[in-house]
Student: 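Have a look at this one before I ask anything.
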Number of protein chains: 2
Amino acid sequence: MAVPIEEIERRLALIGGALRAAGLRVTQQRMEVARAVAASDAHPDVETVYRAARARIPAISLDTVYRTLAEFDRLGLVSQVHAATAGPSRYDANRDAHHHFVCRGCGLIQDLYGDSLDAVAPPEPERLPGRVERVEVRFQGLCDECMRKEQDDE
Amino acid sequence: MAVPIEEIERRLALIGGALRAAGLRVTQQRMEVARAVAASDAHPDVETVYRAARARIPAISLDTVYRTLAEFDRLGLVSQVHAATAGPSRYDANRDAHHHFVCRGCGLIQDLYGDSLDAVAPPEPERLPGRVERVEVRFQGLCDECMRKEQDDE
DNA sequence: GTTACTGCAAACTTTTTGCACGACA
DNA sequence: TGTCGTGCAAAAAGTTTGCAGTAAC
């Protein structure tokens with residue numbers, strides 16, 4: 001919800017370019033879906049992206065949003081992030097190395113940065129069953145607000 | 001698929017005890033669902049647990065398996081793990097500190113152990129939006145078999 | 001002008017829920 | 001014996017797909 005304008009523009013340019021490079025069409029719908037994910041750092045779900053895109057293209061359909069986000073994911077332009085609690089798929093347009101704090105109460109997902117986290121490596125790489133492409137550290141817990149709520153219940 | 005008998009028994013005892021401690025009934029169905037997750041280290045999905053449980057209680061229903069796994073999750077006896085690729089919920093009865101390698105090709109999830117991973121901590125704990133209860137390092141990539149398959153396609 | 005993309009509607013998969021019967025404590 | 005848990009069936013939620021029209025290149 002507080003991604004700087006320049007960062008949004010940078011992400012949109014990246015996505016537009018990647019579409020062209022992949023031989024795909026740069027449609028209004030795709031760019032508005034791109035804008036909706038790129039403009040949020042709250043890791044929005046499909047429905048939220050849909051609502052944001054519909055504010056600019058009233059006739060856009062939910063299945064286009066699904067298809068578009070799946071396509072972006074395939075191209076590596078966004079990635080799915082899992083909340084601590086089950087629910088609809090959520091997406092992240094932040095392509096910089098980062099990690100997450102996830103709240104098991106309300107579904108909050110917050111980006112975390114740190115060289116020490118980026119540097120985490122498997123203890124015995126030779127015993128891995130494959131090749132690592134990405135490392136994500138997930139800190140799971142309860143956010144301050146949910147902690148307050150849990151105390152009120154007791 | 002290769003959890004030692006003693007470890008399975010240990011997990012079953014833990015689950016049975018926790019049910020009693022929570023004032024819940026220790027039913028045949030619950031214990032067979034427990035056995036099915038406890039006996040696998042392949043992070044089975046609901047359907048797989050259902051099939052394993054049905055081999056011992058033919059009349060067990062899928063919704064009981066859903067309800068039971070959700071209950072176990074609430075009690076902290078199992079946890080959901082997310083594969084790299086979307087699909088049905090998968091469960092893990094391994095309560096020891098551990099981490100995961102996940103393959104984006106086939107859905108493989110393999111447990112990893114290492115003190116260096118357990119010790120990973122947030123770089124600026126005071127700036128976290130809440131309290132951390134668990135840390136999981138996820139190595140995402142492609143397993144050996146999927147790497148081979150991807151080469152064959154080119 | 002082609003062809004890929006979109007919107008619509010319908011289907012599909014996964015998960016949840018209400019209710020009456022049966023089993024655990 | 002009382003109550004919790006289960007099975008059944010139906011519904012809800014989330015996601016995918018086929019097709020005909022539309023827009024991008």
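Letters A, B, ... are given to chains in the order of the sequence lines, protein chains preceding strands, and every chain is numbered from 1.
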Student: Taking CD1 from A:Ile57 and C1' from D:dA23, how many angstroms apart are they, rounded to a whole number?
Tutor: 12 Å
Student: At 4.0 Å (heavy atoms only), tell me whether A:Ala70 reaches a base, stays on the sugar-phosphate, or touches nothing.
Tutor: nothing
Student: Without decimals, in angstroms, what is the distance between B:Glu32 CD and D:dT6 P?
Tutor: 12 Å
Student: Of B:Asp63 and B:Gly23, whose closest DNA chain D nucleotide lies nearer the 5' terminus?
Tutor: B:Gly23
Student: Within this structure, what is the CE-to-C1' distance between A:Met31 and D:dA23, rounded to whole angstrom?
Tutor: 16 Å
Student: Could you tell me how far apart B:Leu69 (CG) and D:dT6 (P) are, to the nearest whole angstrom?
Tutor: 12 Å
Student: Between A:Tyr66 and D:dT15, does any side-chain N or O lie under 4.0 Å from OP1 or OP2?
Tutor: yes
Student: Using a 4.0 Å heavy-atom cut-off across all strands, classify A:Arg30 as base, sugar-phosphate, or nothing.
Tutor: sugar-phosphate
Student: Which atoms form the tightest heavy-atom contact between B:Arg138 and B:Ala83, and what is the distance?
Tutor: NH2-O, 3.8 Å
Student: Taking only Lys NZ, Arg NE, NH1 and NH2, and the carboxylate oxygens of Asp or Glu, determine whether A:Arg148 and A:Glu145 approach each other closer than 4.0 Å.
Tutor: no
Student: Taking atom P of C:dT15 as reference, at what distance in whole Å does atom CZ of B:Arg90 sit?
Tutor: 12 Å
Student: Could you pick out which residue, B:Arg25 or B:Thr68, lies toward the 5' side of DNA chain D when each is mapped onto its nearest nucleotide?
Tutor: B:Arg25
Student: Look at atom CZ of B:Arg95 and say whether more than 12 heavy atoms of other residues, nucleotides or ligands are closer to it than 6.0 Å.
Tutor: yes
Student: Take atom CG of A:Leu19 and atom P of D:dA24, then tell me their distance rounded to the nearest Å.
Tutor: 13 Å
Student: Using only side-chain N and O atoms of B:Ser89, determine if any of them is under 4.0 Å from OP1 or OP2 of C:dT14.
Tutor: no
Student: Within the structure, does a side-chain N or O atom of A:Gln29 lie under 4.0 Å from either OP1 or OP2 of D:dA23?
Tutor: no
Student: How long is the line joining CG of A:Leu62 and C1' of C:dC5, in whole Å?
Tutor: 16 Å
Student: Any side-chain N or O of A:Thr27 under 4.0 Å from OP1/OP2 of C:dT6?
Tutor: yes
Student: Map B:Pro88 and A:Ile60 onto DNA chain C by nearest heavy atom, then report which one ends up closer to the 5' terminus.
Tutor: A:Ile60
Student: May I ask you to decide whether A:Glu71 forms a salt bridge with A:Arg67, counting only side-chain N to carboxylate O separations under 4.0 Å?
Tutor: no
Student: Which pair of non-hydrogen atoms, one from A:Gly107 and one from A:Arg90, has the smallest distance, and what is that distance?
Tutor: O-NH1, 2.7 Å
Student: In whole Å, what is the span from the CD atom of A:Glu71 to the P atom of C:dT6?
Tutor: 9 Å
Student: Would you indicate which nucleotide in D:dT15, C:dT14, C:dC8 comes nearest to any side-chain atom of A:Ser61?
Tutor: C:dC8
Student: Across the strands shown, which category fits A:Ala86 at heavy-atom distances under 4.0 angstrom: base, sugar-phosphate, nothing?
Tutor: nothing
